[in-house]
Amino acid sequence: MMTTFVLVHGGGSTAWDWHLVGPLLEAAGHDVVAVDLPIEDVDARLEDYARAATAAVGKAPHSIVVGHSLGGFTAPLVCEKLHSNGLVYLSAMIPMPGETFGEWWTKTGHDRETIPDEPYFNLVPAELVQQATDRERDQQGAWMSDPWPGKHPSVPTLGILCRDDLLFPASFMSRQIRDRLGIEPVEIPGGHYATLSHPGAVAGALVDFAGKIGL
């Protein structure tokens, strides 16, 4: 059964972040939609992000939404709108209903973690780091001071941590996934941008998840 993977990028990023993962998912027999969210629009809210993603998908009888990093705030909203079959948090922020972006850092205990000055692109080849930074966009976020308007959908959910992540260290992500989702994390190699450093591991985890939920 073919699945449409809806791939939601993180803050300041683009759909390009998934350009190595997408072909691997397609080679496994799935469809892929990676969308550029309207993050440079100061007036755009999370609901606007979700509408942009669902409009890009159109009709998809079976879908799994994947949110990376800040995309964890958007992915559950997209999942709800699409009536998706599954939801994946990949090195992602996992908000709680009513929690603001600012509150997330302290309520999860991330403010007590030791984070290096450059935590994003470790293990990513230099040429891909350059291409990624050349594509960086100005993340606007008036919505970040608002309570998160979503909830965690009642669908099969996967939390992926990357063992070499410097922004969201493995021990932190493991705790967040267990405490906030009530599930055991799946661990893969790679840093915060495992989509660029270890795309095969990312795609493999997603394909395995799809198989486990019958897609």
Return a table of donor-acceptor pairs under 3.5 angstrom between the side chains of residues 77-90 and protein atoms on other chains or two or more places apart.
unit_1	atom_1	unit_2	atom_2	d
S84	OG	S63	OG	2.7
N85	OD1	S63	N	2.9
Y89	OH	H152	ND1	2.8

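- Cluster annotation: L7 and Y49 are assigned to distinct hydrophobic clusters (Ile/Leu/Val/Met/Phe/Trp/Tyr, side-chain heavy-atom contacts under 4.5 Å, transitive).
- When only modelled atom types and interatomic distance are considered, S13 and Y120 share no side-chain donor-acceptor pair under 3.5 Å.
- Here the closest heavy-atom approach between residue W143 and residue L70 is recorded as CH2-CD1, 3.7 Å.
- Although no hydrogens or angles enter the test, the distance criterion places a donor-acceptor pair under 3.5 Å between the side chain of Q139 and the main chain of G12.
- One finds the CE atom of M93 at 8.0 Å from the CD atom of E99 (value rounded to the nearest 0.5 Å).
- In summary, the aromatic rings of F168 and W104 are positioned with their centroids under 6.0 Å apart.
- A donor-acceptor contact shorter than 3.5 Å links the side chain of T157 to the backbone of V155.
- Under the 3.5 Å distance criterion, with hydrogens and angles disregarded, no donor-acceptor pair is assigned to the side chains of R175 and S171.
- Side-chain contact between P153 and P76: present, with at least one pair of heavy atoms (C-beta onward) separated by less than 4.5 Å.
- With hydrogens and angles left out, the side-chain atoms of H198 and R163 include no donor and acceptor closer than 3.5 Å.
- In this structure, G191 and N122 approach most closely via the heavy-atom pair CA-OD1, 3.9 Å.
- With a 4.5 Å cut-off on side-chain heavy atoms, L46 and P149 count as touching.
- Between the side chains of E113 and W105, no donor-acceptor pair is found at a separation under 3.5 Å.
- Sorted pairs that involve residues 22-32 and meet salt bridge (Lys or Arg N to Asp or Glu O under 4.0 Å), not counting sequence neighbours, are lacking altogether.
- Summarising the geometry, atom NE2 belonging to H62 is positioned 10.5 Å from atom CD1 belonging to I213; distances are rounded to the nearest 0.5 Å.
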Worked check of side-chain contact (heavy atoms from CB on, under 4.5 Å) between L167 and I115 = CA-CA 6 Å; L167 179 64; I115 308 299; 4.3 Å; yes
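- Contact check for I39 versus D41: no side-chain heavy atoms found under the 4.5 Å cut-off.
- By the rule that hydrophobic residues join a cluster once side-chain heavy atoms approach within less than 4.5 Å of another member, F121 and L161 end up as members of one cluster.
- Looking only at side-chain heavy atoms (C-beta outward), V32 and T4 stay at 4.5 Å or farther from each other.
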Test side-chain contact (heavy atoms from CB on, under 4.5 Å) on I183 and R178 and set out the steps.
-> CA-CA 5 Å; I183 59 177; R178 290 189 176 105; over 6 Å; no
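- Judged by distance alone, with hydrogens and angles left aside, the side-chain atoms of R180 form a donor-acceptor pair with the main-chain N or O of I94 at under 3.5 Å.
- In terms of hydrophobic clustering, with Ile, Leu, Val, Met, Phe, Trp and Tyr side chains grouped at heavy-atom distances under 4.5 Å, M96 and F101 are assigned to different clusters.
- Distance check, rounded to the nearest 0.5 Å: CG of L206 to CZ of F209 gives 9.0 Å.
- At distances below 3.5 Å, at least one donor-acceptor pair connects side-chain atoms of H9 with backbone N or O atoms of L37.
- Heavy-atom minimum distance, C162 versus A170: O-CB, 4.4 Å.
- Here the side chains of H68 and S91 are in contact, with some heavy-atom distance below 4.5 Å.
- One hydrophobic cluster, built from ILVMFWY side chains closer than 4.5 Å, cannot hold both L25 and V35; they sit in different ones.
- Between H19 and L128 the shortest side-chain heavy-atom distance falls below 4.5 Å.
- Taking both residues in full, the closest heavy atoms of P95 and G72 are given as CD-O, 3.6 Å, listed atom of the first, atom of the second, then distance.
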Pair Y193-L123, side-chain contact (heavy atoms from CB on, under 4.5 Å): steps then yes or no | CA-CA 8 Å; Y193 275 87; L123 305 183; over 6 Å; no
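- Classified by interplanar angle (parallel below 30°, tilted 30° to 60°, perpendicular above 60°), the ring pair F172/H110 is perpendicular.
- Remark: side-chain polar atoms of H30 are not paired, donor with acceptor, to backbone N or O of M2 under 3.5 angstrom.
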Could you walk me through whether I160 and I188 pass the side-chain contact (heavy atoms from CB on, under 4.5 Å) test, one step at a time?
-> CA-CA 7 Å; I160 300 176; I188 64 171; 3.8 Å; yes
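- Annotation for A52 and P38: closest pair CB-CD, 3.9 Å, computed over non-hydrogen atoms.
- Side-chain contact of D165 with H192: a donor-acceptor pair under 3.5 Å is present, judged by distance alone.
- A continuous path of Ile, Leu, Val, Met, Phe, Trp and Tyr side chains, each step under 4.5 Å between heavy atoms, connects I64 with V21, placing both in one hydrophobic cluster.
- With sequence neighbours excluded, no residue forms a salt bridge (charged side-chain N to carboxylate O under 4.0 Å, His left out) with E47.
- For S145 against T100, the heavy-atom pair with the smallest separation is O-CG2, 3.6 Å.
- At a threshold of 4.5 Å between non-hydrogen side-chain atoms, the residues T106 and R112 do not count as touching.
- When side chains are defined from C-beta on, L196 counts as touching W16, because their heavy atoms get closer than 4.5 Å.
- Ion pairing between D48 and R51 holds under the 4.0 Å rule for side-chain N and carboxylate O.
- At least one donor-acceptor pair closer than 3.5 Å links the side chain of W148 to the backbone N or O of F73.
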